[in-house]
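All heavy atoms count here, side chains included; hydrogens, waters and symmetry mates do not.
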Protein chains: 2
Amino acid sequence: MFENETALQQPVASDRALIKDVHELVESYPRVPITVDCVIFGFDNNELKVLLIRSDIEMYHGKWSLLGDFAHDHEELDDAAYRVLRERTGMDDVYLEQVRTFSKPNRHPGGRVLTVAYCSLLNSEHHDLKILDNELHWHVVKTLRSEDVAFDHKEILDTCYAWLQKRMLEHPLGLNLLPEKFSLRELQNLYEAILDIKLDRRNFRKKFFSMDFLIDTGEYEDDVHHRPGKLYRFDFDKYKLNKKRWTGIEF
Amino acid sequence: MFENETALQQPVASDRALIKDVHELVESYPRVPITVDCVIFGFDNNELKVLLIRSDIEMYHGKWSLLGDFAHDHEELDDAAYRVLRERTGMDDVYLEQVRTFSKPNRHPGGRVLTVAYCSLLNSEHHDLKILDNELHWHVVKTLRSEDVAFDHKEILDTCYAWLQKRMLEHPLGLNLLPEKFSLRELQNLYEAILDIKLDRRNFRKKFFSMDFLIDTGEYEDDVHHRPGKLYRFDFDKYKLNKKRWTGIEF
DNA sequence: GCCATGATGTGTTATTTTTACACTATCTAC
DNA sequence: GTAGATAGTGTAAAAATAACACATCATGGC
């Protein structure tokens, strides 16, 4: 059904001219400014939050933006995203993943600008750093409205939030939102808040223990006004070795 | 734990200068040429294939490229990807999805070029179009080697293939690779080839019938040298209505 | 026409996974 | 020491998955 099956690696028999000067080729094409935008999620007070900065653009006065920057010359975009995180939070040991590129021609009022969205997860130990000045603010994701943010950043945020929800079902990356030691209640609160569902406590515990990557630290919560729960730590090596796949949480 | 909780929508109390001229801002930043690259998958002869074109760049003489092009001014990248497909195949009713942006600074020998990879699925009815000249060739995905292709296109292909494998487990998009009417054997062959696993025939049929979006056309295969199987059609509306999620194929 | 070949089509059972559900233990606050 | 709140635990039903074998039907060769 497919034609031309056997043509692999035959000599070129073409009337096209071969391009000798690739630099000239690249020079001849249109160029676009590129930004990276980091959707930095945090979890606190049983709510998923996103770190936004006051827009410094006059027409977006009073609105908030994702943390982003133009990509430097010859800078890989992953590096640019890490740079933004480092500049804003002082941290570079954070979870970061590329999510999607946004390219609507009119998404930026100053002309065409492409942006590549990155999703990043900070835990509350990172929050304790003095990264917050008057320009930065943790916003509750669920209540943030389109009118509150600049550009198409609500759309980007929504895309990243949907990405996070889906990704949480196949990979325990949500643990990056918790401190190193955490209780099972904190873990369950995290899943319930992000997935926006109610989970059964016994089944939740059973499922996580069966996956066998929670290490009992022997310690207990001490900042809590009721019976303290055990604190666990996530064993990343055990997780990687575990052939049992993360089948999704659907209690 | 998070500071600054209540600052939402308060007046800006900042010493930053507000940016008035967004055009000037955008003008001041570095620009990068952008391409889209389409990873066009087809399925034939029980093998997953990818459509490649002979490179017209002298230093890649004899190598193959993904079908791509520079993005036009003010062209959304999805549109650019559809344009590439239309120009190459004459089709625009095909499955297309953005997969990932590739940005290694040296990925293009002519200087920095970003590329946004799109994954596209053509079925054998599209293949029958006379889209194939001497420049185009369907390559078997499993046997394609890095040395056969130009740029970082093997890496892009690998990423898209992994994306396809994963996506097939959560969405029946693989049906886009089959003609409108298909037999269950063809469907199973598709899944076995793409996921690179062996499936139990009875369980496979049971699973698909239970999902209740295959319509019996009443027709039978007629191009086959054995007992012909029934032909089915995919009911996309029923699929969308079906609350039963696509739980993955793991027979 | 008959037979060999090869793919179609079909059910049941065991196993595993998921879901639903309630009580006691322990710590804090008062 | 008592009230309040969360920690911690097991079992049984239901659903999904996995393993498995044989009769049917069209073709192709004789």
Side-chain angles (χ1 to χ4, degrees), chain A residues 45-46 168-170 172 178-179 181-193 195-233 242-251, chain B residues 45-46 168-170 172 178-179 181-193 195-233 242-251:
Chain A
N45 206 244
N46 290 346
M168 290 266 293
L169 296 177
E170 57 186 31
L178 293 177
K181 299 171 187 174
F182 51 86
S183 70
L184 279 171
R185 176 177 37 77
E186 292 175 296
L187 186 59
Q188 182 170 348
N189 285 343
L190 176 75
Y191 274 83
E192 291 187 337
L195 300 177
D196 199 24
I197 50 177
K198 199 76 191 123
L199 299 172
D200 178 272
R201 193 155 50 96
R202 275 172 293 187
N203 292 335
F204 183 83
R205 298 167 81 93
K206 211 187 310 171
K207 179 127 188 170
F208 270 83
F209 286 135
S210 80
M211 286 190 279
D212 198 37
F213 55 59
L214 293 183
I215 301 173
D216 186 343
T217 63
E219 296 171 59
Y220 289 84
E221 297 177 288
D222 61 0
D223 53 350
V224 105
H225 287 213
H226 52 75
R227 176 180 175 183
K230 276 191 184 174
L231 294 176
Y232 294 86
R233 183 201 312 275
N242 199 341
K243 59 205 161 296
K244 192 176 199 167
R245 72 203 165 108
W246 183 267
T247 49
I249 309 254
E250 287 266 340
F251 301 93
Chain B
N45 205 245
N46 290 345
M168 289 267 292
L169 296 177
E170 57 187 28
L178 293 177
K181 298 170 186 173
F182 51 87
S183 69
L184 280 170
R185 175 178 35 78
E186 292 175 296
L187 186 60
Q188 182 171 345
N189 285 343
L190 177 75
Y191 275 82
E192 292 187 337
L195 300 177
D196 199 25
I197 49 177
K198 200 77 190 120
L199 299 171
D200 178 272
R201 194 154 49 94
R202 275 172 293 189
N203 292 334
F204 184 83
R205 299 167 82 92
K206 212 185 311 170
K207 180 128 189 172
F208 271 85
F209 287 135
S210 80
M211 287 190 275
D212 199 37
F213 54 60
L214 293 184
I215 301 172
D216 186 341
T217 62
E219 295 171 61
Y220 289 83
E221 297 177 286
D222 61 359
D223 55 349
V224 104
H225 287 216
H226 54 260
R227 174 180 177 182
K230 276 192 183 172
L231 294 176
Y232 294 87
R233 185 199 312 275
N242 199 340
K243 60 204 161 295
K244 190 175 198 168
R245 72 202 164 108
W246 184 269
T247 49
I249 309 251
E250 286 266 341
F251 300 91

Trainee: Roughly, in whole Å, what's the span from CD in Glu192(B) to P in dA7(C)?
Mentor: 13 Å
Trainee: Please list, chain by chain and in numerical order, all residues satisfying ring pair (Phe, Tyr, Trp, His ring centres under 6.0 Å) with Tyr232(A), sequence neighbours excluded.
Mentor: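 Tyr232(A) satisfies ring pair (Phe, Tyr, Trp, His ring centres under 6.0 Å) with Phe209(A) only.
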Trainee: Measuring from Arg185(B):CZ to Asn189(B):CG, what's the distance to the nearest 0.5 Å?
Mentor: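 Result: 6.5 Å between the selected atoms.
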Trainee: Figure out the CG/P separation between Leu214(A) and dA7(D), and round it to whole Å.
Mentor: 15 Å
Trainee: Once ring pair (Phe, Tyr, Trp, His ring centres under 6.0 Å) is applied, do any residues pair with Tyr220(B), and if so which ones, sequence neighbours excluded?
Mentor: none
Trainee: Side chains of Phe182(B) and Leu231(B), heavy atoms from C-beta outward: is any pair under 4.5 Å?
Mentor: no
Trainee: Tell me, please, which residues at least two apart from Arg227(B) pass salt bridge (Lys or Arg N to Asp or Glu O under 4.0 Å).
Mentor: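 With sequence neighbours excluded, Arg227(B) shows a salt bridge (Lys or Arg N to Asp or Glu O under 4.0 Å) to no residue whatsoever.
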Trainee: Does a nitrogen or oxygen in the side chain of Lys230(B) sit under 4.0 Å from OP1 or OP2 of dG9(C)?
Mentor: no
Trainee: Rounded to whole Å, please give me the gap between CZ in Arg202(B) and P in dG11(C).
Mentor: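 From Arg202(B) CZ to dG11(C) P: 11 Å.
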Trainee: Just wondering, do Leu184(B) and Leu214(B) contact through their side chains at under 4.5 Å, heavy atoms?
Mentor: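 In short, these two side chains touch, coming nearer than 4.5 Å.
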Trainee: Kindly give the atom pairs (protein nitrogen or oxygen, nucleotide nitrogen or oxygen) under 3.5 Å for nucleotides 1-6 of chain D.
Mentor:
| residue | atom | partner | partner atom | Å |
| --- | --- | --- | --- | --- |
| dT6(D) | O3' | Arg185(A) | NE | 3.3 |

Trainee: Any salt bridge linking Lys230(A) with Glu219(A)? Criterion: basic side-chain nitrogen under 4.0 Å from a carboxylate oxygen.
Mentor: no
Trainee: Over how many whole Å does the gap from Asp200(B) atom CG to dT8(C) atom C1' extend?
Mentor: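 My rounded result for the distance is 14 Å.
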Trainee: Are OP1 or OP2 of dG8(D) and a side-chain N or O of Arg205(A) less than 4.0 angstrom apart?
Mentor: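 The answer is yes; a side-chain N or O of Arg205(A) sits under 4.0 Å from OP1 or OP2.
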Trainee: Do Ile197(A) and Glu192(A) touch side chain to side chain, with heavy atoms closer than 4.5 Å?
Mentor: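 Result no, sub-4.5 Å side-chain heavy-atom pair not found.
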Trainee: Could you pull out all residues at least two apart from Arg233(A) that satisfy side chain to side chain donor-acceptor pair (under 3.5 Å)?
Mentor: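 Here the qualifying residues are Glu180(A).
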Trainee: Between N or O atoms, less than 3.5 Å apart, protein on one side and nucleotides 12-15 of chain C on the other: list the pairs.
Mentor:
| residue | atom | partner | partner atom | Å |
| --- | --- | --- | --- | --- |
| dT12(C) | O4 | Lys206(B) | NZ | 3.1 |

Trainee: Which sits closer to the 5' end of DNA chain C, Glu186(B) or Val224(A), going by the nucleotide each is nearest to?
Mentor: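 The residue mapped nearer the 5' terminus is Glu186(B).
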Trainee: In this structure, how many angstroms lie between the C1' atom of dT18(C) and the CZ atom of Phe208(A), rounded?
Mentor: 15 Å
Trainee: In whole angstrom, what separates Phe209(A)'s CZ from dG10(D)'s P?
Mentor: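 My rounded result for the distance is 12 Å.
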Trainee: Once you round it to whole Å, what is the distance between C1' of dG9(C) and CG of Leu199(B)?
Mentor: 17 Å
Trainee: Roughly, in whole Å, what's the span from CZ in Phe204(A) to C1' in dG8(D)?
Mentor: 15 Å
